[in-house]
Structure formats: C-alpha cells, structure tokens
Colleague: 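My questions all concern the structure below.
Proteins come first, then strands; the chains are lettered A, B, ... in the order of their sequence lines, and each starts at number 1. Every heavy atom of this structure was used, including side-chain atoms; hydrogens, water molecules and symmetry mates were not.
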Number of protein chains: 2
Amino acid sequence: MSTRPLPATKAPTMADVARLASVSVPTVSRVLNGNVNVSQSKRERVLDAVKELNFRPSFAARALASARPEAVAVVSGNTSQYGYAETLRGIENTCRREGLSTIISVIDSDEPAEVDRVVSQVLSQPIVGVIVLKFDPPGVAVLDRLVDKLPVVAVSGLRDTRVSQAMLDETRAAEELTGYLLDLGHATVHHVRVPPSRREDGRTTGWRRALRRAGKEVPETLDATWEPASGRAVGRRLAEDDGVTAVFCGNDEIAMGVVRGLNDAGRRVPEDVSVVGFDDHPLSELWAPSLTTVRQDFHGLGSRAVQLLGAEIEDADNVGRLSNERPAVVVRDSAAPPQA
Amino acid sequence: MSTRPLPATKAPTMADVARLASVSVPTVSRVLNGNVNVSQSKRERVLDAVKELNFRPSFAARALASARPEAVAVVSGNTSQYGYAETLRGIENTCRREGLSTIISVIDSDEPAEVDRVVSQVLSQPIVGVIVLKFDPPGVAVLDRLVDKLPVVAVSGLRDTRVSQAMLDETRAAEELTGYLLDLGHATVHHVRVPPSRREDGRTTGWRRALRRAGKEVPETLDATWEPASGRAVGRRLAEDDGVTAVFCGNDEIAMGVVRGLNDAGRRVPEDVSVVGFDDHPLSELWAPSLTTVRQDFHGLGSRAVQLLGAEIEDADNVGRLSNERPAVVVRDSAAPPQA
DNA sequence: ATGAAAGCGCTAACAT
DNA sequence: ATGTTAGCGCTTTCAT
C-alpha cells in the first residue's frame, strides 16, 4: 500500500524499448516521432513495448540531441496578482495548443543577484524564446538583459521599441475612463497610483492627458502599494479634502480599499465621491457599490504574446511587432455625477 | 537599435570557453561547479572566458550527463485562485532557496487526455520529484497516476495515505469556525460548498461534525461554483428563508457573494444573518462588513511541501509523512449573535 | 524500411 | 592540478 518499489526503479530508456521490441533504437525514435517509414508490424511492437515499460522520452536528451527546443520561458513577477495570473493562464493555454511547454521563472526583486539568477535560468534552458511580463521593475531589468540574446516578447502596458510586444493600451483606457468622470461633471479627478514599472504608468499618463485636454487642474497623485489595505489609508486621507469628488485608482483592489477608507470617514460612494478602478477584478462587480472600471483581457493578452513569439521565430524579421488592444470601460455603480 | 544580430548567433558551448581559456573542457566544468582543485591562474582565465562569451551551461546537457536533476515539478489546477497562487509562491520560494528550479504544469480538467499530457510532461523532465496540488479532481487524477513512479508530495486539505502530504487541517478549522457560530447562539449553521475535490471537502465534514456534536439540525448544503458571482445567487436564495441566521461559506469569495446577495434582498449582515468564509483572502478585511474567516497559511503550506519532498529524497523511507497545521479562526465583523 | 555510427554539451571516471 | 576517455538518452545522417 504505502510502500514504494524501493530504489525507485530506474526509468526505462529507448534502448530498453528497442530491446523488448527487437528493433533498433532509431526505429523506436521514428515511431515515437510520428511520421515516416516504419512497417506496421514493427510499429505495433514498439508501441506495445512503450506501453508495457511505461516509457517516457527524456526531455533533456531529446532537447540535447535535436537542438530543437519545444518550450517557452515566461518571466513573471508576483504571480498572485490577478492580472499576472490571468496572463500566465493565457500564455499557458496558447502554448499548449501550439505543442509548447511553458517554463515559468518567478522574479521578486530587481536586485542584480536576482536578475542574474533568472537570466541564467532562462538562458540555460532549451527554449524557443522568452515572454517577459514587464509590468514591474524586475521584469524590465530582465528584459534589458535578454534583448538581442534570443527571441523575446514583452507583455506590458507601455511601448518598448526594442522587442515585439503584446500590449493593453492602458494609456488610452485611462484617458477614456477619466474622461467619463469629467463628463459626469466632476471639476477634476484625483488619482491613486499603484507602484509604477518605470517613471510613469500608462494609467497615470492617460489620466493626466485627459485632465490636460479638458483644461482641468491636475492634482497631486497619491501612492498606494500592491496591498489593498494601503488603499484604505489613502481613502481616509482623501476624505479630509472636500475638493475630492472623483478618484481614479490604479487598480480595482486599491479602489476597494479607497471606498472602504472613504466610508470609514463617513463619505458615501458614489453620492459624495465617485471612485473608479482598473482591471475588472472578479470581485469588482460584487463590491458594494459595484465598481466602475476598465476591463482588461489579460487572458487574450497572454495569447497574443505567444502568437507574437511564434511569428518572430518563423520569420526572424518579424521583430519589434506590436499587438495592441484597447481595454473597455465598464460602467457600474461607483461613479455618479457630483452632488450639487 | 531595433535590429537583431541576425540568425541569433549560436550559443557558446563549454568547448568554446575551454578553447578561449586554453584549458580542457573538464577544467571549465570544474571551475563552474564550484569546488575542487583548479589553479588560480586557470580559474581566472576560465572565468574571464565565460564572461566574455557570455556562456551559460545547457540545462539539458547538464541534466543528461549528471543524471542529477535539479528541478521539481509542480502540478496545479487553476493558478488564478488565491490559494493556489499563494501555495505556488511558497513552493517556488522554498525551492529557490534549496537551489532547485520549479517547473509548473497546469491542468484544467480531469479528462484522460489532459491527465495523460500532464503526466507525460512531468515524467519526461529531469526532476527530483513532484508536488501535486490536489485540491481538485484533476489534481487527484494526476496524483493517482504518479504515485509509486517517483517521489510525490501531495498538498491538500484531506489525508491521502499513499504519499507524503502537506496539509492544512480544514476539517478541524471548519469545525472550530462552525462551533464559534453556534456559541454565538445560532440555532444552526447553513453551509455553502465550493466544488469539492472528492466526495466531500474537509470544510463540509468539519461543519457537519460541529453541528452533530452540538446536537443541532444539519441543514441541506447549497452549492456554489468557483465564481464569486455564484455566491450572490445563493445569498438571494438564502434570504428567502427566515430560518437562516448563520451561513458558513466554502471560501471568502463565495462569502462576499453571499453577503451581497443577502443585501440585495434587504437582509443585513451581521444583524439579520451572520456570514463567515474560509481562507482569509486579502480582500476579506476590506469587505464591508469585514469577514470573519479562517486564516490559511498557503505560503507556509508550499514550503512544507518542499521540505517533505526533500526529506523523501534524502531518505527513501521517509515516505507517507504528514505535515499538518491547523488554520486559525480570524474573528471580524460579519458574524454576531442572532437578533432577539 | 531499417540499422550502424556519430554526435548534441556536458559530467564522471580514470589517468597522469 | 589537469587532461583523456566514456558515456548520459536521444536524434540525425548515412548506408543498406
């Protein structure tokens, strides 16, 4: 029952299969790689032997001998974050459909040692290319080191001309969302930032642009961390300022925190102040009030990244391509016209 | 700028390094694998050559030649789920500290073809062992196929005697949480289940046990999906029954949905009905009312799984071990004594 | 259609 | 301390 076939009987090799089927090793290889010229009888014997021995080809040996890698590496930051996780799923699904494995390397910080470790790990693997989720500084750092070494596709919200890139046009979406708030009649829109990947996020840029274009005052930005609770503190602070009637948050989780902080201080949403988020987190619709936000198709984003990588590999000139898509504003209940 | 060194110049091999440093290949290998007997001068020449050529050892070749794998495979279901993602992070971090890579295989369904694919992918990799997240049927199916083939550690809430296992004692925790509700004075506690991995979840078992032990009536269970929105529908349904004063939900996201559904129907939480969840999701504290729940240390769970795997590899007798931990009830605002 | 031979890039004996 | 020789498990010529 709970005993184990002692020293984990060594995995069978192709030679074992060949012996059992009384054929040569290359014949086994031919059978397993589908296609070509093998007589029906031998094919069957081989298949039987494979089944009997429960043979699995060694990924390492295959990669080494064929020099034709069949995996793509993905470098990602915090995988618990909703957007990351969904994008990863999109990449994984699409790769699978293309017959590629995905090897995920997680990177937490942009310290040189960490970046080194990840770069090494990626480059030492038999891969066709890399997809870097560069929403954050570690991602950016890794990308910088990988560019021009092998096919790389970046996934992010900001354009980077050195590589092919799958994007969600955060800037335009943020501009649109801010515009929506302004159209509702708000005098200006305050902005709570999530930790930016470079100098400035697309979300912040879009917000600023919308305000400028409308000739509105551009208030100081407030900063949140990735912790939803940090939004709550910001919400309380915001509640102290009567001039605040509309707040655009860097993501939905922060928005939820801000709503809560505002409520703590006795301000109602959306009656006293409108709050909008970004991402369309699965809980946004359930939140009270349900959150007006921007829907981002992260899963599709991952798919597009894989397709870009495929194109780049097929044709080496297919580099520096852009696959862009504008996220859609989702109007729900957390934003309303300002009260007289 | 945006051009690429044409046909991606072939990666340098150890032989290239050896040539450039005027030493033999094994010497390069010795330098790179740390330790032993290499003269200072040669070591330096090798290191310089490595740097100049930007050499990275091939993972495949190394695995093949040394037959000493340095990766662990992780089989996981839906990685967007909070608990999965956190456990994965724990595994990843701990493996990294042990110098192991992690290879993640995602499995969505328990269809035989899918299970086959994942099993093949896992077994063809040069790995020391597998960690299976068996919270759901696909995980269970994979585990069944992998047992006795190589070191396997299961991660879940229910005991499985065939393998080593890192657990969170959901049953006891659920019992405790239900007991807490009963102690508050509720006549009984209703239960909304999340999709179970086997016949019955530990959460459900613990709930039932607590009711039985207190001599209370055991109401019919209600079912939710993994979608938080499904909880909302359940909440509305629950609101129709005046006998419902306390609800234990299979996870926090469902609990949030249930609260919302109850509110939709005009019932207040916790005044009219108490609602508790499970997991201590990052948003639970922010929810209004903040959710009474059970904190699960998923990150630690992942760590423990890796340690178990380590122990099993060191000593083949170290099989079938159990690393258990009881999650802690977190009292917040969504549960209160029944009114009148 | 099939087998023999060579070799992928590395590590592990074995010499010296 | 260092080089030489094998070989990991597979794929790929190249014969036949």
Colleague: Mind checking what makes side chain to side chain contact (heavy atoms under 4.5 Å, CB included) contact with A:Val106, not counting sequence neighbours?
Modeller: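 With neighbours one apart ignored, the set is A:Thr79, A:Ile104, A:Asp108, B:Glu92, B:Arg96.
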Colleague: Give me each pair satisfying side chain to side chain donor-acceptor pair (under 3.5 Å) with a member in residues 124-140 of chain B, each pair once, sequence neighbours excluded.
Modeller: B:Tyr84-B:Asp136, B:Lys134-B:Ser156
Colleague: Could you tell me which residues satisfy salt bridge (charged side-chain N to carboxylate O under 4.0 Å, His left out) with A:Asp160, sequence neighbours excluded, listed by chain and number?
Modeller: A:Arg162, A:Arg198
Colleague: Go through the structure and list residues passing side chain to side chain contact (heavy atoms under 4.5 Å, CB included) with A:Ala71, not counting sequence neighbours.
Modeller: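 For A:Ala71 the side chain to side chain contact (heavy atoms under 4.5 Å, CB included) partners, ignoring immediate neighbours, are A:Phe59, A:Ser101, A:Ile103, A:Ile127.
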Colleague: How far does CG of A:Leu32 sit from CZ of A:Arg43, to the nearest 0.5 angstrom?
Modeller: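 It comes to 10.0 Å.
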Colleague: Would you mind classifying the nucleic acid contact of B:Phe59 as base, sugar-phosphate or nothing, using non-hydrogen atoms under 4.0 angstrom?
Modeller: nothing
Colleague: With sequence neighbours excluded, what pairs up with B:Asp116 under the side chain to side chain contact (heavy atoms under 4.5 Å, CB included) test?
Modeller: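 Counting only residues at least two positions away or on another chain, B:Asp116 forms a side chain to side chain contact (heavy atoms under 4.5 Å, CB included) with B:Arg145.
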Colleague: For the helix from C:dA1-D:dT16 to C:dT16-D:dA1, measure the angle between the helix axis at one end and the axis at the other, each built from five pairs, rounding to 10°.
Modeller: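 Helix axis angle between the two ends: 40°.
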Colleague: Which parts of nucleotides 11-16 of chain C does protein reach within less than 4.0 Å, heavy atoms only, written one letter per nucleotide 5' to 3' as B for base, S for sugar-phosphate only and - for none?
Modeller: BBB---
Colleague: Please tell me if B:Thr13 has a side-chain N or O lying less than 4.0 Å from either OP1 or OP2 of C:dG9.
Modeller: no
Colleague: List the residues meeting salt bridge (charged side-chain N to carboxylate O under 4.0 Å, His left out) with B:Arg19, not counting sequence neighbours, and say none if there are none.
Modeller: B:Asp16
Colleague: Please identify the 5'-most and 3'-most nucleotides of DNA chain D with any atom under 4.0 angstrom from a heavy atom of chain B.
Modeller: D:dA1 to D:dG9
Colleague: Once salt bridge (charged side-chain N to carboxylate O under 4.0 Å, His left out) is applied, do any residues pair with B:Glu111, and if so which ones, sequence neighbours excluded?
Modeller: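 Expected list: none.
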Colleague: OP1 or OP2 of C:dA1 less than 4.0 angstrom from a side-chain nitrogen or oxygen of A:Ser39, does that happen here?
Modeller: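 Answer no for this pair, as no side-chain N or O of A:Ser39 is under 4.0 Å from OP1 or OP2.
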Colleague: Test of understanding: with side chain to side chain contact (heavy atoms under 4.5 Å, CB included), list the residues that count as partners of B:Ser58, not counting sequence neighbours.
Modeller: B:Ala60, B:Ala61
Colleague: List the atom pairs, donor and acceptor, that lie under 3.5 Å between side-chain atoms in residues 45-55 of chain B and the rest of the protein, sequence neighbours left out.
Modeller:
from    : atom 1 : to      : atom 2 : distance (Å)
B:Arg45 : NE     : B:Ala21 : O      : 3.1
B:Arg45 : NH2    : B:Ala21 : O      : 3.0
B:Arg45 : NH2    : B:Ser22 : O      : 3.2
B:Asn54 : OD1    : B:Arg56 : NH2    : 3.3

